[in-house]
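To keep things clear, I will list the structure first and then write my remarks on it.
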Amino acid sequence: MIECLLHLNKLDIFKINYNLLGKINPIEDSYNIHIKMLNIFYAMDKKEDKEMFIKNSILDKELKTAMSKYLYEEDIECSLHLHKNNYNIYNLLGKTSCYYRIILAWNNRLQYKIINFEKYLKNVQLSFNGNYIRSIGDINGKEIGDIIEWIKRIKLCIGIKEDKDYLKKHLGEIKDDVKYKDRKF
């Protein structure tokens, strides 16, 4: 298959970056047909070629969606370049498909963030919910959501293990922080 693509490149039908073709993906070590298709897509130099590849192929719908998102929606990729804390990375990548993250992982400048998300952040969950927060204090619905997000941010960025204990010990401080979060000094 790669030989055919290289031949198409020589005939100037597709412009392909030889260095990217066949490159191992840091988050997906299997090299099944889906990963091969994503790699071919990533190795294509011209946007027109990528568009033609998406439109004229019999690819899996999830693959096409990931490729289209990568090609047309640059906001996540640009935001990933800017954000450095785990909470923001979690929020950006948590809404993406595994295929989209595989494409992003071939980008050397984003590789660490993608690997970090896949290995450490993607499965982070709090050990409590809103009912637990309501049971330990007189807190309304909006505050509960804000407290959950605040604790999630702490857990992702600092790595606290016992989030329930942390919440109990620091509930007063957390409530104040949430209450005055938008205050300008």
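Fair warning: this is a prediction, and the values are worked out from it, not measured in the lab.
I148 CD1 to I151 CD1: the interatomic distance, rounded to the nearest 0.5 Å, is 9.5 Å. Here the CD1 atom belonging to I89 is positioned 5.0 Å from the NZ atom belonging to K113, to the nearest 0.5 angstrom. The CG atom of L121 lies 6.0 Å from the CG atom of L156; values are rounded to the nearest 0.5 Å. In this structure, the separation between CD1 on I35 and CD1 on I103 is 9.5 Å, given to the nearest 0.5 Å. Summarising the geometry, atom CD belonging to Q125 is positioned 7.0 Å from atom CG belonging to N123; distances are rounded to the nearest 0.5 Å. How far CZ of R134 is from CG of N129: 9.0 Å, rounded to the nearest 0.5 Å.
Looking only at side-chain heavy atoms (C-beta outward), L82 and N88 stay at 4.5 Å or farther from each other. For the pair I174 and I154, the minimum side-chain heavy-atom distance is 4.5 Å or more. Residues L110 and W106 form no side-chain contact, since every pair of their non-hydrogen atoms from C-beta on lies 4.5 Å or further apart. Residues D12 and K15 are in side-chain contact: their nearest non-hydrogen atoms beyond the backbone lie under 4.5 Å apart. I139 places a side-chain heavy atom less than 4.5 Å from the side chain of L171. Residues N107 and E77 are in side-chain contact: their nearest non-hydrogen atoms beyond the backbone lie under 4.5 Å apart. D45 has its side chain out of reach of I16: every pair of non-hydrogen atoms, C-beta onward, lies at least 4.5 Å apart. Side-chain atoms of Y42 and I102, non-hydrogen and from C-beta on, never get closer than 4.5 Å to each other.
No single ILVMFWY cluster, assembled from side-chain heavy atoms under 4.5 Å apart, contains both Y112 and F117. Side-chain heavy atoms closer than 4.5 Å link hydrophobic residues (I, L, V, M, F, W, Y) into clusters, and following such links, possibly through other members, connects L11 to L21. Note: the hydrophobic cluster containing I24 does not contain I33 (ILVMFWY, side chain heavy atoms under 4.5 Å, direct or indirect links). I160 and L126 fall within a single hydrophobic cluster, where Ile, Leu, Val, Met, Phe, Trp and Tyr are joined by side-chain heavy atoms under 4.5 Å apart, directly or via other members.
With a 6.0 Å radius and a threshold of 12 heavy atoms from other residues, nucleotides or ligands, Y120 has its OH atom at or below the threshold. No more than 12 heavy atoms of other residues, nucleotides or ligands shown are found within 6.0 angstrom of NZ on K169.
Side chains of Y72 and E51: a donor-acceptor N/O pair is present below 3.5 angstrom, by distance only. Side-chain polar atoms of N116 and N86 form a donor-acceptor pair below 3.5 angstrom.
Minimum heavy-atom separation, G130 to I144: CA-CG2, 3.5 Å. Pairing each heavy atom of K168 with each of Y132, the nearest pair is CE-OH, 2.6 Å. Nearest heavy atoms, Q111 versus P26: CG-CG, 3.4 Å. Counting all heavy atoms, side chain and backbone alike, Y166 lies closest to W150 at CE2-CZ3, 3.8 Å. The two residues R153 and N85 have their closest heavy-atom pair at NH1-ND2, 4.4 Å. Shortest non-hydrogen contact noted between G22 and N39 is N-OD1, 2.6 Å.
Side-chain atoms of R101 come within 3.5 Å of backbone N or O of T96 as a donor-acceptor pair.
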Verdict with reasoning, E28 to H34, per side chain to side chain contact (heavy atoms under 4.5 Å, CB included): CA-CA 11 Å; E28 182 58 53; H34 293 313; over 6 Å; no

Side chain to side chain contact (heavy atoms under 4.5 Å, CB included) assessment of I147 paired with L167: CA-CA 9 Å; I147 289 170; L167 175 64; 3.7 Å; yes

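Every residue two or more places apart in sequence or in another chain that forms a side-chain contact (heavy atoms from CB on, under 4.5 Å) with L92 is listed here: S79, L80, H83. In terms of the side-chain contact (heavy atoms from CB on, under 4.5 Å) criterion, residue partners of D146 (sequence neighbours excluded) are, by chain and number, K142, V178, K181.
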Can you give each donor-acceptor pair under 3.5 Å made by side-chain atoms of residues 59-70, sequence neighbours left out, with the distance rounded to 0.1 Å?
{"unit_1": "D60", "atom_1": "OD2", "unit_2": "E62", "atom_2": "N", "d": "3.1"}
{"unit_1": "K64", "atom_1": "NZ", "unit_2": "S57", "atom_2": "O", "d": "3.2"}
{"unit_1": "T65", "atom_1": "OG1", "unit_2": "K61", "atom_2": "O", "d": "2.9"}
{"unit_1": "S68", "atom_1": "OG", "unit_2": "K64", "atom_2": "O", "d": "3.0"}
{"unit_1": "K69", "atom_1": "NZ", "unit_2": "E73", "atom_2": "OE1", "d": "3.3"}

